[in-house]
Amino acid sequence: MLELRQLSKSYNGRPVLDRLSWQFQAGEFVSIMGDSGVGKSTLLNLIAGLDTPDAAPGESPIIVDGLPMSGLDDDAATRLRRTRMGFIFQAFHVLPHLTLLQNVALPLLLNGLPTARAAEMLAAVGLAGREHDFPHQISGGQMQRVAIARALVHRPALVLADEPTGNLDPDTADAILTLLQREIKATGACAIMVTHSQHAAKKTDKILLLERDGLKETTTVKPFAQ
Ligand SMILES: Nc1ncnc2c1ncn2[C@@H]1O[C@H](COP(=O)(O)OP(=O)(O)OP(=O)(O)O)[C@@H](O)[C@H]1O
Ligand SMILES: [Mg+2]
């Protein structure tokens with residue numbers, strides 16, 4: 001579903017990611033842990049196509065569904081993002097001038113899909129009855145839940161989440177993780193979640209540790225520097 005082949009990224013000559021290779025499978029819920037500043041968000045941004053990896057011309061270190069990302073022009077990359085990916089990133093804010101329902105329906109509208117599932121997703125994240133509220137009328141944690149509903153509504157094949165439960169209370173965080181799990185199993189999507197929470201990581205199928213020398217699978221999670 002997603003393959004990283006010798007993925008590298010440096011900023012101003014300072015390497016952050018150095019020749020990472022990994023294969024992510026459809027239907028897999030994977031968490032990525034690691035110390036602050038090690039490059040977790042950088043990795044998700046690269047996979048999302050929001051940043052470009054260091055690569056020689058003609059090389060593509062990121063392959064989604066067999067498609068080399070570096071070979072795509074802007075339109076094709078946008079289409080791939082819109083149809084196949086769902087993002088739960090802090091930077092992808094809920095739009096303030098749209099109601100919660102309109103926010104969640106947006107990926108469906110952009111993909112020309114029926115919008116009925118938007119209300120179902122809002123209910124699934126515990127926001128039934130709040131469809132016609134605007135983002136300024138809800139809390140930060142509720143906003144995060146809207147972002148999660150929006151990321152999953154069009155049944156993306158690849159879900160990328162950066163600390164999706166970071167500002168949620170433990171019960172809500174659990175409910176969100178269960179929802180993510182259920183969606184992944186129901187749709188066969190692959191989800192990659194960056195988290196500092198050992199509790200959240202333990203709910204995933206596989207825990208990857210990002211360190212200076214690359215990605216490795218782990219079963220023992222230790223507390224990380226935040
Ligand atoms: N656009 C950028 N320009 C320059 N340096 C950057 C940029 N983005 C990230 N970095 C640097 O890359 C390194 C990795 O940052 P990144 O945000 O990926 O870490 P992280 O693992 O997500 O950390 P955290 O757990 O604190 O979110 C940091 O040293 C950061 O300063
Ligand atoms: Mg980060």
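Counting starts at 1 for both ligands and their atoms, in listed order. Sequential numbering from 1 along the given sequence is applied to the chain's residues.
- Using a 4.5 Å heavy-atom threshold, the side chains of Met1 and Cys190 count as touching.
- Within the 3.5 Å criterion, the main-chain N or O of Lys203 finds a donor-acceptor partner in the side chain of Gln181.
- Put simply, the side chain of Val16 does not reach to within 4.5 Å of the side chain of Leu43, judged on heavy atoms.
- Grouped with Leu95 in one hydrophobic cluster are Leu98, Leu106, Leu110, the linkage being side-chain heavy-atom contacts under 4.5 Å among Ile, Leu, Val, Met, Phe, Trp and Tyr residues.
- In Val16, the part holding a heavy atom less than 4.0 Å from any atom of ligand 1 is the side chain.
- Polar contact with ligand 1: present for Gly39 (N/O pair, distance under 3.5 Å).
- Shown in contact with His196 at under 4.0 Å from a heavy atom are these atoms of ligand 1, numbered in order with element: 25 (O).
- A donor-acceptor contact shorter than 3.5 Å is absent between the side chain of Lys40 and the backbone of Ile32.
- Around the Mg ion (ligand 2), protein N, O or S atoms at less than 2.8 Å comprise Ser41 OG.
- Tyr11 and Asp51 are linked by a side-chain donor-acceptor pair at a separation below 3.5 angstrom, with hydrogens and angles left out of the test.
- In this structure a side-chain-to-backbone donor-acceptor pair under 3.5 Å is present from Ser60 to Ser70.
- The closest non-hydrogen atom to atom 25 (O) of ligand 1, taken over Lys9, Lys40, Met33, comes from Lys40.
- Of all the atoms in ligand 1, the ones that sit under 4.0 Å from a non-hydrogen atom of Asp35 are 21 (O).
- The nearest non-hydrogen atom to atom 17 (O) of ligand 1, considering only Gly34, Gly37, Ser41, comes from Ser41.
- Set against the non-hydrogen atoms of Val38, the atoms of ligand 1 under 4.0 Å away are 19 (O), 21 (O).
- Atoms of ligand 1 found under 4.0 Å from any heavy atom of Thr42 (numbered from 1 in listed order, with element): 9 (C), 14 (C), 15 (O), 16 (P), 18 (O).
- Scanning Ser36, Pro15, Ser10 for the heavy atom closest to atom 26 (O) of ligand 1 points to Ser36.
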